[in-house]
Amino acid sequence: EVPMTVRSLSEAMGRPAKAIMSILFKEFGEMVTINQIIEEETALAVALELGVDLTFKRQKGAQETVTEIVEMEDAPEDLVTRPPIITVLGHVDHGKTTLVDSLRNSKVVEGEAGGITQHIAAYQIDYNGHKLTFVDTPGHAAFSEMRSRGANVTDMVVLVVAADDGVMPQTAESISHVKASGVPMVVAMNKIDLPDVNEQKVLQDLTAQNVLPSEWGGETDVVRVSALKGTGLDDLLETLLLTAELHELKANPNRPAVGVCLEGFRDEGRGSVAWLIVQKGTLRIGDAVICGKSYGYIRAMYDDMDQQIEEAPPAMPVKVTGLDTVPGAGDHFVVVDDIDQARALAEERRHEGRADVLSRHSGGPRTLEDILG
Ligand code: GDP
Ligand code: MG
């Protein structure tokens with residue numbers, strides 16, 4: 001059996017070691033150090049006490065070993081359909097930003113600009129009563145950096161390929177990152193309004209990258225659009241919604257929120273501002289949050305139109321204020337019972353300078369190897 005220490009348990013549960021030690025003392029009368037090995041039953045009892053659902057994954061064999069500690073899955077009856085989170089990738093100048101703007105302007109009523117002026121990292125649109133969340137990363141590097149940190153927020157990718165240019169180096173790189181991630185992809189063949197487009201060449205280029213268009217019997221939908229003129233956007237949105245439906249994206253909204261920071265920055269007057277995307281649960285004003293090495297109570301929340309909001313359900317991107325420092329892209333956040341837990345955990349992380357390992361704690365299954373680093 002892989003030994004479990006107070007430290008690894010703390011990291012797996014996202015709760016401060018101090019809280020675990022204090023329970024061990026109160027409930028079991030045991031004084032332990034952070035590196036002390038604890039029994040599995042004891043760990044489960046501690047988890048129960050702290051309100052964390054823990055389950056131990058085992059590897060079958062002569063000697064049964066615990067290989068993973070994972071947060072317990074939500075019960076199926078608690079899961080409800082959530083909006084898809086879609087990342088837009090493609091070669092520079094192929095029209096990613098224009099597409100994103102165009103989708104947004106045509107489908108979202110322009111709101112008043114709020115006090116926070118910072119470029120938008122993610123936003124949500126409403127299409128015929130269906131919400132879709134788009135994440136605008138600077139490119140495939142950000143996409144794979146987030147994934148390498150265990151921040152797998154993307155459900156789908158829209159690969160933008162300009163019809164007058166075809167597959168270019170960053171298109172090919174994006175394709176290989178998407179393939180490695182296993183995330184479904186829809187191609188937006190953009191700029192079809194231009195006179196000198198070559199649709200066949202784009203399809204051939206894609207095929208050469210082992211992305212076989214569905215019109216050629218493959219699995220990848222290629223939707224013709226003009227981000228500039230607003231052509232084909234309904235088609236693209238319908239395709240994305242169909243893909244989302246196929247993958248049955250669900251989350252439990254009735255639990256403390258967990259999610260990922262897409263971007264953090266300092267705003268004059270408001271201090272630290274973080275773009276968060278909620279993955280499970282609902283984030284509310286007043287929640288005590290730990291995000292990477294930052295912590296605090298959520299003081300205010302803003303949607304992508306800078307409108308103040310009170311709560312954010314799964315897949316909703318929000319800007320929040322109230323964290324003591326600026327968190328980084330890819331930092332996981334968790335709502336904890338009280339601010340003391342958040343502070344203690346943040347301080348532990350700052351001390352140990354092990355944020356990379358520690359911040360993975362809410363990212364789904366982790367191996368003990370990961371946790372123990
Ligand atoms: P990004 O680098 O992929 O984000 O590309 P941008 O969205 O910044 O677009 C690059 C250039 O292509 C800009 O000058 C856009 O106006 C232009 N562009 C984007 N989409 C279209 C389109 O559908 N048709 C035409 N003709 N130009 C487009
Ligand atoms: Mg751009």
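No hydrogens, no waters, no symmetry mates; every other heavy atom, side chains included, goes into these values. Indexing begins at 1, ligand by ligand and atom by atom, following the structure's order. Owing to the predicted nature of the structure, the values given are computational and were not obtained by experimental measurement.
Of all protein heavy atoms, the one lying nearest to atom 18 (N) of ligand 1 is K191 CE, 3.7 Å. Ranking protein heavy atoms by distance to atom 27 (N) of ligand 1, first place goes to L228 CD2, 3.7 Å. Among all non-hydrogen protein atoms, the one lying nearest atom 5 (O) of ligand 1 is G95 N, 3.0 Å. For atom 6 (P) of ligand 1, the closest non-hydrogen atom on the protein side is T98 OG1, 3.5 Å. Scanning the protein heavy atoms around atom 24 (N) of ligand 1, the nearest turns out to be D193 OD1, 2.7 Å. Protein heavy atom nearest atom 20 (N) of ligand 1, with residue, atom name and distance: N190 ND2, 3.1 Å.
The cluster map of Ile, Leu, Val, Met, Phe, Trp and Tyr, joined by side-chain heavy atoms under 4.5 Å apart, puts V273 and Y297 in different clusters. By the criterion of side-chain heavy atoms lying less than 4.5 angstrom apart, applied directly or through intervening Ile, Leu, Val, Met, Phe, Trp or Tyr residues, V100 is not grouped with L228; the two fall into different hydrophobic clusters.
Residues forming a side chain to side chain donor-acceptor pair (under 3.5 Å) with D155 (at least two apart in sequence, or on another chain): R82. Judged as a side-chain contact (heavy atoms from CB on, under 4.5 Å), and not counting sequence neighbours, the contacts of A244 are P84, M156, L249.
For atom 22 (C) of ligand 1, a protein heavy-atom neighbour is found at a distance under 4.0 Å. Distance screen at 4.0 Å: atom 14 (O) of ligand 1 has no protein heavy-atom neighbour inside the cut-off.
Atom CD of E248 sits in a sparse spot, with 12 or fewer heavy atoms from other residues, nucleotides or ligands closer than 6.0 Å.
Every atom of ligand 1 is numbered from 1 in the order shown, and the set under 4.0 Å from a heavy atom of V92 is 2 (O). Per-residue contacts place K96 under 4.0 angstrom from the following atoms of ligand 1 (heavy atoms of the residue considered): 1 (P), 2 (O), 3 (O), 4 (O), 5 (O), 7 (O). Atom numbering of ligand 1 starts at 1 in the shown order; those under 4.0 Å from a heavy atom of L194 are 26 (N).
Of the N or O atoms in D93, one or more lie within a sub-3.5 Å distance of an N or O in ligand 1.
Atom CD in Q279 sits 7.0 Å away from atom NE2 in H332 (nearest 0.5 Å).
Grouped by direct or indirect side-chain proximity (heavy atoms under 4.5 Å, Ile/Leu/Val/Met/Phe/Trp/Tyr only), L242 sits alone.
The minimum heavy-atom distance linking A342 with I290 is given by the pair O-CD1, 3.7 Å.
Remark: R104 is positioned above the aromatic ring of Y123, its terminal NZ or CZ atom under 6.0 angstrom from the ring centre and at most 45 degrees off the axis.
In this structure, H91 counts as a contact residue of ligand 1, since one of its heavy atoms falls inside 4.0 Å of the ligand.
For the side chain to side chain contact (heavy atoms under 4.5 Å, CB included) test with I125, the passing option among L132, T133, D304 is L132; the others fail.
Nearby protein atoms of type N, O or S around the Mg ion (ligand 2) amount to 1 (distance under 2.8 Å).
Ion pair D331/K293 not flagged as a salt bridge, since none of the NZ, NE, NH1 or NH2 atoms sits closer than 4.0 Å to an Asp/Glu carboxylate oxygen.
Checking side-chain atoms of K96 against main-chain N and O of H91 turns up a donor-acceptor pair under 3.5 Å.
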